[in-house]
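Below: one structure, written as structure tokens.
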There are 4 protein chains.
Amino acid sequence: MSDFVPNWQIPVYIATQAADYLTALISDGAFSPGARLPSERQLADELGVSIGTVRRATQILRERGLVKTLPSRGTYVNEHVRIGGGRDE
Amino acid sequence: MSDFVPNWQIPVYIATQAADYLTALISDGAFSPGARLPSERQLADELGVSIGTVRRATQILRERGLVKTLPSRGTYVNEHVRIGGGRDE
Amino acid sequence: MSDFVPNWQIPVYIATQAADYLTALISDGAFSPGARLPSERQLADELGVSIGTVRRATQILRERGLVKTLPSRGTYVNEHVRIGGGRDE
Amino acid sequence: MSDFVPNWQIPVYIATQAADYLTALISDGAFSPGARLPSERQLADELGVSIGTVRRATQILRERGLVKTLPSRGTYVNEHVRIGGGRDE
DNA sequence: GTGGTCTAGACCACT
DNA sequence: GTGGTCTAGACCACG
């Protein structure tokens with residue numbers, strides 16, 4: 001988690017870079033299916049970005065079908081994710 | 001009771017949605033005047049929301065003059081309620 | 001936990017019997033020092049007594065120096081309990 | 001700020017005790033008119049209470065006319081407060 | 001065995 | 001990086 005370094009020099013949103021970083025972690029099994037991601041505040045702290053950026057990143061993960069967010073509960077890794085392919089459920 | 005489905009997508013508080021749902025039940029006669037509502041814990045279970053949300057919903061019903069809450073006894077439907085109109089007592 | 005059977009025939013408060021039962025569990029190591037006891041509601045369910053009785057029983061445990069209650073957090077087994085002897089901290 | 005110690009033994013809500021404590025600070029000039037109070041999260045940390053309790057305490061301060069809360073901005077001490085007397089604006 | 005208060009901490013909307 | 005709402009569940013006071 002601590003080796004995420006946003007690159008401000010390239011024209012790619014930090015949120016997208018963060019989403020890609022988290023996608024890689026999920027793909028690598030750092031977050032198992034069914035596991036809960038750290039809270040938005042904790043992710044913001046650990047990635048060194050603002051909480052708004054984290055929210056945009058998790059929104060991207062939802063659109064990629066990688067996670068599901070339960071209000072006031074947390075964001076959870078979906079069970080049948082295919083990183084380069086289809087959609088969960 | 002079991003067909004209440006809170007809608008998290010719209011900017012209306014869940015507590016307000018629950019209060020409206022209970023108001024409709026009272027209006028329809030599902031709870032007669034003088035009847036006791038289910039306990040807050042049971043309402044929370046049946047509506048699928050937290051007990052804090054139920055407490056805010058019953059607070060709204062009190063402000064609408066639909067019910068009266070007796071601590072340690074329960075929450076009771078008022079006698080002379082008029083849903084779209086006046087106030088009890 | 002499930003083998004507690006209050007004896008209504010003898011002139012000993014059920015709460016005291018429950019306190020003695022819990023004291024034995026702590027003494028036997030069923031609840032380790034620092035561990036949290038089950039919630040009052042759960043204890044009431046498991047022991048088959050009312051929640052008020054459980055509250056009186058835990059009050060007795062506090063007076064015996066066996067546990068410490070943190071409001072809204074739970075009741076915890078003290079660290080240096082001596083069942084037949086002194087007081088914790 | 002750090003000498004606030006909630007008293008759980010007396011039947012006065014912790015939120016009310018916290019509100020009284022903050023009222024005294026405002027009265028003593030520790031927070032000047034127009035000043036921003038610490039964030040609710042920081043207050044919760046410093047007072048040793050939960051954020052929900054802090055929110056109820058600031059609600060009380062609003063009802064007392066001592067502060068004004070701007071969502072997403074903070075809570076500010078009103079200009080013309082008279083602790084034992086009138087109301088701001 | 002109810003309603004009441006409090007804790008801890010989540011996500012959300014907005015600046 | 002704030003205030004706002006919600007969750008889940010604890011103990012408390014009372015009947």
Side-chain angles (χ1 to χ4, degrees), chain A residues 36-45 49-55 58-59 69-76, chain B residues 6 8-9 11-18 36-45 48-59 62 68-76, chain C residues 36-45 49-55 58-59 69-76, chain D residues 6 8-9 11-18 36-45 48-59 62 68-76:
Chain A
R36 208 196 69 201
L37 295 187
S39 78
E40 295 184 332
R41 263 183 173 66
Q42 193 171 342
L43 281 175
D45 278 359
V49 299
S50 79
I51 199 169
T53 299
V54 167
R55 281 187 51 66
T58 51
Q59 170 64 24
T69 293
L70 289 74
S72 299
R73 300 300 304 280
T75 295
Y76 295 81
Chain B
W8 268 272
Q9 309 309 318
V12 174
Y13 305 143
I14 303 298
T16 304
Q17 296 181 42
R36 207 195 72 197
L37 260 54
S39 77
E40 296 182 334
R41 278 168 184 81
Q42 193 171 343
L43 282 175
D45 273 3
V49 301
S50 77
I51 195 170
T53 300
V54 167
R55 287 186 52 66
R56 240 167 295 136
T58 53
Q59 168 66 21
R62 279 189 291 277
K68 180 172 309 208
T69 294
L70 290 74
S72 301
R73 301 301 301 278
T75 295
Y76 295 82
Chain C
R36 208 196 68 201
L37 295 186
S39 78
E40 295 183 333
R41 261 180 174 68
Q42 194 171 341
L43 281 175
D45 278 358
V49 299
S50 80
I51 199 170
T53 299
V54 167
R55 281 188 50 68
T58 52
Q59 169 65 24
T69 295
L70 289 75
S72 298
R73 299 300 305 280
T75 295
Y76 295 84
Chain D
W8 268 274
Q9 309 310 316
V12 175
Y13 304 143
I14 305 298
T16 305
Q17 296 182 43
R36 208 196 69 197
L37 260 53
S39 78
E40 296 183 333
R41 280 169 183 80
Q42 192 171 344
L43 282 175
D45 273 3
V49 299
S50 78
I51 196 171
T53 300
V54 167
R55 285 187 53 68
R56 241 167 293 136
T58 53
Q59 168 67 20
R62 278 189 291 277
K68 180 173 310 213
T69 293
L70 291 74
S72 301
R73 301 301 302 277
T75 295
Y76 295 83

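A note on names: the letters A, B, ... follow the listed sequences, proteins ahead of strands, and every chain is numbered from 1. Everything numeric in this text was worked out from a predicted model, so none of it was measured.
For the salt bridge (charged side-chain N to carboxylate O under 4.0 Å, His left out) test, residues two or more places apart in sequence or in another chain that qualify with Arg55(A) are Glu40(A). With sequence neighbours excluded, the residues forming a side-chain hydrogen bond (donor to acceptor under 3.5 Å, both in side chains) with Gln42(C) are Glu46(C), listed by chain and number. Remark: Arg36(B) engages no residue in a salt bridge (charged side-chain N to carboxylate O under 4.0 Å, His left out) (not counting sequence neighbours). Here Thr58(C) pairs with nothing under the side-chain hydrogen bond (donor to acceptor under 3.5 Å, both in side chains) rule; sequence neighbours left out.
Atom-to-atom, OH of Tyr76(A) to C1' of dT7(F) comes out at 10 Å; the value is rounded to the nearest Å.
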### Query
Using a cut-off of 4.0 Å between protein heavy atoms and nucleotide atoms, how would you tag nucleotides 1-6 of chain E 5' to 3' with B, S and -?
BBBBBB

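Stem analysis of DNA chain E (Watson-Crick or G-U pairs, both distances under 3.5 Å, runs of at least three) returns E:1-14 with F:1-14.
Nearest heavy-atom pair, Val49(D) versus Pro6(D), reported as atom, atom and distance to 0.1 Å: CG1-CG, 4.4 Å. Annotation for Ala15(D) and Ala57(D): closest pair O-CB, 3.5 Å, computed over non-hydrogen atoms.
Looking only at atom types and distance, the side chain of Gln59(D) has no donor-acceptor partner in the side chain of Arg56(D) under 3.5 Å away.
Interatomic distance, Leu43(A) CG to Thr53(A) OG1, rounded to the nearest 0.5 Å: 11.5 Å.
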